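Each remark here refers to the structure printed beneath this line.
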Amino acid sequence: MKKPLHVKCFGAVLLIFALSKTTHAQLSLQGQLRTRTEIRDGVGNLAKTGTKPAAFTSQRTSLIFGYKWDRLTFGVNVRDVRVWGQDAASINNTDGSKLFLHEAWAEVILANSADTTLKFKAFDNLSLKIGRQELIYDDVRLLGNLDWLQQGRRFDMALLKAMKNGWQIDLGAAFNQNSDAFGRAGTFYAAGNAPTTVANSKGAFVSIPTDFIPTSGKGGAPVLASPLSTNGQNQMFKSMQMLYVSRKFGQTKFSGLFFKDDFQKYRIDSLGSTANGVVYGRRYDVEGVNSRITYGAMLTGLIGNASSKLGKIAWQAFAYKQGGKNRDGQSLSAHHYGANVSIQKGKFSFGPGYEILSGNNTISPDGKDHRFDPLYGTPHKHWGYMDYFYVGTGAPAGGLGNAFFKTKYVANPNLYFTFDIHNFALANDMKNVLDAAGGKISRQLGNEFDFIINYNLNKFTNIELGYCYLQGSNSLEYAKLGTMDKAKHSANWAYLMLNIRPDFFYTKPVAIKQ
């Protein structure tokens, strides 16, 4: 039977890769298929009273190509994200697509002390990585690839990476624009996925211009076609500059971060008229930016080993400060600090920790914003797996205190269990506007329990099973939803994740007969 053209082309590509592998060891090609089936009853936010659990399966599919030469590294990650059944079995031309370019970057080596053909010797290694790329630093607390989410996170930017006498120095910068269309003037940046049309106050649909983002009423929250971020943000930065330095001293590692993100200024504006129908919004045509500055340091270290009497002790301490102005131009003064310890004894490890992210005192406000925003990290790893804080549904205005105790048991190299307990509380007082006497709410938000099993079925296949339970308080409901006694305070979440990551060039080692 005659094969279709696309089948022949696909076969030719695989043959080229296969032949290339035999002659160029620098080529790599991996895939990923990750499905996650979830049963949700209160993930990210408390479910309203009377609602029933949701169930679905999401899927990420990735094809990751890499190339490495002495003075160049190249990477592309093509990714598709969707929910099973989200698309009809036979699609229509008007259906959207979620196939996108997650990463596409090249890293050029500018100096390498081991390369005698390079005369520039000021650094042990110096390279420039440019293009769409992930940022992963330290424990992904402030900068991470957000890999738990199927879509992940990446930046369009340039990153200069240097190594000198054990020091790592990374200097990054990004500059975002909406379009390169002819006739476009200036560098104003409307930092949001605004819908193409929206209904005005008379119910008629109105087209949205490129520099305008509609809001829910005059001065209200932006109305976006899709959220920009998972950190409760509603505005992508226009530009950013970052500096990261780190060095190991024996068993202790120091790392410091300076991160400045600049947000386009805007003005309150509207489309149409009150008589014919109006759409309120923000017009991003104001000169200048609001710059937010985040800086701080982290120390991590190891003491002893797992077979010693006290076991191996891993510790961490960090402190960060945020200043400048927030996205809306308000003066900002916030902090984030914490510490934790983990003791490993044989196959078992355990340890406590505490951290605090500052918030606003809504009873006695001082005109400044004190809410710390954990930048572009991976909140899922730090503030409970049920994602109640610093993800899509935002965090309390009063900030967050997180006391936790984490345990892990490694049964064998292919099987381990984790069990974490969190106690969440407000970092600052919040006024209860539902109380006629003007009282404040209790700082206690609730407790979360996360139980996870991980099993490696084979070299390329991992199975993860999780069950999490949160017992929230009325304060949590008020802080997240603005109501009391109208939501279920017990939340449950269970999932089964299958993660298949084949290496298409992998060859099984062959024993050599003597």
Side-chain angles (χ1 to χ4, degrees), residues 1 3-36 58-82 99-109 112-118 125 127 129-136 140 144-145 147-148 150-152 154 161 163 347 410-416 452-465 496-514:
M1 185 177 67
K3 295 181 179 179
L5 179 61
H6 71 276
V7 174
K8 292 180 179 178
C9 292
F10 183 70
V13 170
L14 290 180
L15 179 62
I16 291 171
F17 275 122
L19 293 175
S20 299
K21 178 62 180 176
T22 63
T23 55
H24 301 282
Q26 300 89 349
L27 284 177
S28 63
L29 183 66
Q30 290 97 34
Q32 182 185 36
L33 192 151
R34 190 173 79 175
T35 63
R36 189 159 64 226
S58 62
Q59 176 175 324
R60 172 203 287 183
T61 310
S62 296
L63 190 61
I64 308 157
F65 168 74
Y67 172 79
K68 186 174 177 59
W69 177 57
D70 292 347
R71 298 181 189 175
L72 176 68
T73 307
F74 188 86
V76 174
N77 185 339
V78 179
R79 178 171 292 179
D80 177 82
V81 174
R82 60 189 65 242
L99 180 67
F100 60 95
L101 197 63
H102 178 63
E103 285 191 288
W105 52 264
E107 184 171 352
V108 181
I109 306 300
N112 184 350
S113 58
D115 189 340
T116 57
T117 63
L118 286 173
N125 193 77
S127 64
K129 185 176 181 181
I130 189 166
R132 178 161 293 190
Q133 57 192 282
E134 295 179 341
L135 286 180
I136 303 175
V140 296
N145 61 351
D147 194 56
W148 170 256
Q150 299 286 40
Q151 59 267 38
R154 63 277 168 190
K161 304 164 65 177
M163 296 290 295
K347 296 182 176 181
V410 181
N412 59 59
N414 292 317
L415 176 65
Y416 68 88
I452 310 294
I453 303 173
N454 260 279
Y455 176 63
N456 294 322
L457 184 63
N458 57 49
K459 181 177 179 63
F460 301 121
T461 307
N462 173 265
I463 299 173
E464 183 173 319
L465 177 65
L496 175 64
M497 185 164 72
L498 185 63
N499 193 2
I500 304 170
R501 295 181 63 93
D503 180 349
F504 298 118
F505 289 160
Y506 173 76
T507 55
K508 189 175 181 178
V510 178
I512 300 175
K513 295 181 179 180
Q514 299 294 327

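Here the structure is a predicted model, which means the values were calculated and not measured.
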Side chain proximity check, Tyr416 to Ile452, heavy atoms < 4.5 angstrom: no

Inter-residue atom distance Trp105.CH2 - Ile130.CD1, 0.5 Å rounding: 13.0 Å

Whether Lys347 side chain and Ala411 backbone form a donor-acceptor pair below 3.5 Å: yes

Contacts of type side chain to side chain contact (heavy atoms under 4.5 Å, CB included), residue Thr117, not counting sequence neighbours: Arg71, Asp115

Side chain proximity check, Gln133 to Glu107, heavy atoms < 4.5 angstrom: no

Validation row: Leu63, Leu29 side chains within 4.5 angstrom (heavy atoms): yes

Non-neighbouring partners of Phe100 that pass ring pair (Phe, Tyr, Trp, His ring centres under 6.0 Å), sequence neighbours left out: none

Donor-acceptor pair between Gln30 and Arg501 side chains, under 3.5 angstrom: no

Ile463 and Leu465: CA distance, side-chain angles, deciding distance, side-chain contact (heavy atoms from CB on, under 4.5 Å) verdict: CA-CA 7 Å; Ile463 299 173; Leu465 177 65; 5.6 Å; no

Shortest non-hydrogen contact between Ser58 and Gln150, atoms and distance: OG-NE2, 3.1 Å

Atom pair CG/CG of Leu457 and Asn414 - distance to nearest 0.5 Å: 9.0 Å

Least distance between heavy atoms, Phe74 atom then Ala106 atom: CD1-CB, 3.8 Å

Minimum-distance pair of heavy atoms, taken over all atoms of Leu27 and Phe505: O-CD1, 3.6 Å

Sub-4.5 Å side-chain heavy-atom contact between Arg36 and Trp148: yes

Close side-chain approach of Glu134 to His102, heavy-atom, < 4.5 Å: yes

Nearest-0.5 Å distance, CG of residue Asn145 to CD1 of residue Ile136: 4.0 Å

Rounded distance [0.5 Å steps], CD1 in Ile109 versus CH2 in Trp69: 10.0 Å

Worked check of side-chain contact (heavy atoms from CB on, under 4.5 Å) between Val78 and Leu101: CA-CA 5 Å; Val78 179; Leu101 197 63; 3.9 Å; yes

From Asp503 atom CG to Ser28 atom OG, the distance as rounded to the nearest 0.5 Å: 7.5 Å

Shortest non-hydrogen contact between Arg79 and Ser62, atoms and distance: NE-OG, 3.2 Å

Closest non-hydrogen atom pair, Gln151 against Arg154: O-NH1, 3.2 Å

Reported CZ-to-CZ distance for the pair Phe504 and Phe65, which is rounded to 0.5 angstrom: 13.0 Å

Among Asp80, Asn499, Thr35, Asp147, side-chain hydrogen bond (donor to acceptor under 3.5 Å, both in side chains) partner for Arg60: Asp147

